[in-house]
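Working notes for the structure below.
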Amino acid sequence: MQEYRPVKEGKVREVYENGDSLIIVATDRISAFDHILKNEITKKGTILTQMSKFWFDFTKDIVPNHMISVDVQDMPEFFRQERFDGNSMMCKKLTMLPIECIVRGYITGSGWASYQENGTVCGIRLPEGLLESQKLPEPVYTPSTKAEIGLHDENISFEQSVEVLEKEFPGKGAEYAAKIRDYTIALYKKCAEYALGRGIIIADTKFEFGLDENGEVVLGDEMLTPDSSRFWPNDGYEPGKGQPSFDKQYVRDWLKANPDNDLLLPEEVVTKTVDKYKEAYELLTGTKFGE
């Protein structure tokens, strides 16, 4: 049996070469504030992979995506072992675009902090008098550059995203920038409306796109997981304050409250985080996790 080694390791994912495809494995690692924590979040990788699969299937009418299969039987023999089952996705190889496509439907987090300061989010002026966590009149697209591990992504304007793409793909910058913006907003609108019907508010999220061998824009990476999005329960939602969430917020809050944490979470924080991820998965997909 051929052994495989990851060609790339991110904060939480490992990427393996497989001829003309890639195998992306979501580990149970968790990162916060650009650091990888010492704990693992049991089954987190499987939840993230299966959630991405659900959304890729749900949105393929809007934009093609890179998913080929999440069944390890379709992958080389090396991946047919328990540690890869459920958390691995075989994907088309793409030339990734160097932009993180962030869309905000509600004002929260760093966007809220910036709005309080000067009435804007990433340089975009918003209506006056918004409350924390309030729904925006229209979703706002705020792209950023992709940073190396340990560095912060940098928010940029739409015009700057054209320049970044033009530098890498001469003659195509404006076309690609407009496409990924329009896809981002269309994906967000369709999925946010669906999620709301299942009791979850998608406050914001990020997408990543790449080009296939024909130069077509394709959705890549992960999609609408609690790692790349803010999910809030609609039940009890009330603008004017922070909202409880289904994502890493629980972990972030604990780390902030315990600054000398040494990147190690107590067991109860781990358990509650797993439960939140599972609950989000089950609400959104309508299936019990593990079935």
Side-chain angles (χ1 to χ4, degrees), residues 32-34 62 99-147 152-165 173-174 176-209 223-253 255-257 276 280 284:
F33 305 122
D34 294 317
I62 296 178
I99 300 286
E100 297 222 321
C101 298
I102 298 163
V103 55
R104 303 163 191 265
Y106 294 72
I107 187 151
T108 181
S110 61
W112 171 243
S114 157
Y115 175 76
Q116 284 177 293
E117 216 169 277
N118 55 27
T120 70
V121 169
C122 303
I124 298 165
R125 185 149 296 284
L126 295 180
E128 284 179 26
L130 293 176
L131 300 171
E132 182 178 5
S133 309
Q134 190 167 341
K135 187 176 186 188
L136 296 169
E138 273 297 309
V140 176
Y141 174 63
T142 59
S144 80
T145 56
K146 288 187 200 174
H152 281 291
D153 299 336
E154 191 186 330
N155 294 324
I156 55 174
S157 64
F158 174 72
E159 291 68 31
Q160 287 170 303
S161 78
V162 174
E163 287 166 25
V164 169
L165 290 164
Y176 290 157
K179 264 190 182 163
I180 62 179
R181 174 198 60 199
D182 296 348
Y183 279 147
T184 294
I185 289 171
L187 289 167
Y188 175 77
K189 283 185 166 173
K190 176 174 182 173
C191 298
E193 185 186 346
Y194 166 84
L196 199 54
R198 315 233 25 147
I200 288 184
I201 291 169
I202 302 174
D204 52 37
T205 192
K206 76 173 168 79
F207 302 117
E208 295 194 28
F209 297 90
M223 183 178 187
L224 285 165
T225 68
D227 268 18
S228 64
S229 326
R230 272 194 184 91
F231 292 156
W232 299 335
N234 188 35
D235 190 20
Y237 164 68
E238 198 185 316
K241 57 178 200 246
Q243 308 296 314
S245 64
F246 288 99
D247 56 27
K248 294 191 289 197
Q249 204 53 47
Y250 201 78
V251 170
R252 290 191 198 105
D253 290 348
L255 291 170
K256 269 190 192 160
K276 278 284 163 221
L284 288 168

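Treat the numbers as computed from the prediction; the structure is a model and nothing was measured.
The backbone N or O of Glu154 lies less than 3.5 Å from a partner atom in the side chain of Thr145, making a donor-acceptor pair. For Ser133 (side chain) and Gly240 (main-chain N/O), no donor-acceptor pair under 3.5 Å exists by modelled atom type. At least one donor-acceptor pair under 3.5 Å links the side chain of Gln134 to the backbone N or O of Leu131. Looking only at distances, no side-chain donor or acceptor of Tyr106 sits under 3.5 Å from a matching main-chain atom of Pro139. A donor-acceptor pair under 3.5 Å is absent between the side-chain atoms of Glu138 and the main chain of Leu136, judged by distance alone.
Heavy atoms only, all atoms of each residue included: Lys276 and Ser245 are closest at CD-O, 3.4 Å. Considering all non-hydrogen atoms of both residues, Pro244 and Pro233 come closest at O-CD, 3.1 Å. Considering all non-hydrogen atoms of both residues, Ser110 and Arg104 come closest at OG-NH1, 3.9 Å. Between Pro226 and Phe231, the closest heavy-atom pair is N-CE1, 3.8 Å.
With Phe158 as the aromatic partner, Arg181 meets the cation-pi criteria of under 6.0 angstrom to the ring centre and within 45 degrees of the ring axis.
Listed by chain and residue number, nothing satisfies the ring pair (Phe, Tyr, Trp, His ring centres under 6.0 Å) test with Tyr141 (two or more places apart in sequence, or in another chain).
A heavy-atom distance below 4.5 Å is not found between the side chains of Ile202 and Arg230.
In this structure, a donor-acceptor pair under 3.5 Å is present between the side chains of Gln160 and Ser157. In the model, Asn118 has a side-chain atom that pairs as donor or acceptor with a side-chain atom of Thr120 under 3.5 Å.
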### Task
Please report the C-alpha distance between Glu238 and Lys241 in whole Å, then the side-chain angles of each, then the deciding distance to 0.1 Å, and finally whether the salt bridge (charged side-chain N to carboxylate O under 4.0 Å, His left out) criterion is met.
CA-CA 7 Å; Glu238 198 185 316; Lys241 57 178 200 246; 3.7 Å; yes

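Between atom CD of residue Glu132 and atom OG1 of residue Thr108 there is a gap of 6.0 Å, rounded to the nearest 0.5 Å.
Aromatic ring pairs are classed by plane angle as parallel below 30°, tilted from 30° to 60° and perpendicular above 60°; the pair Tyr237 and Trp232 is parallel.
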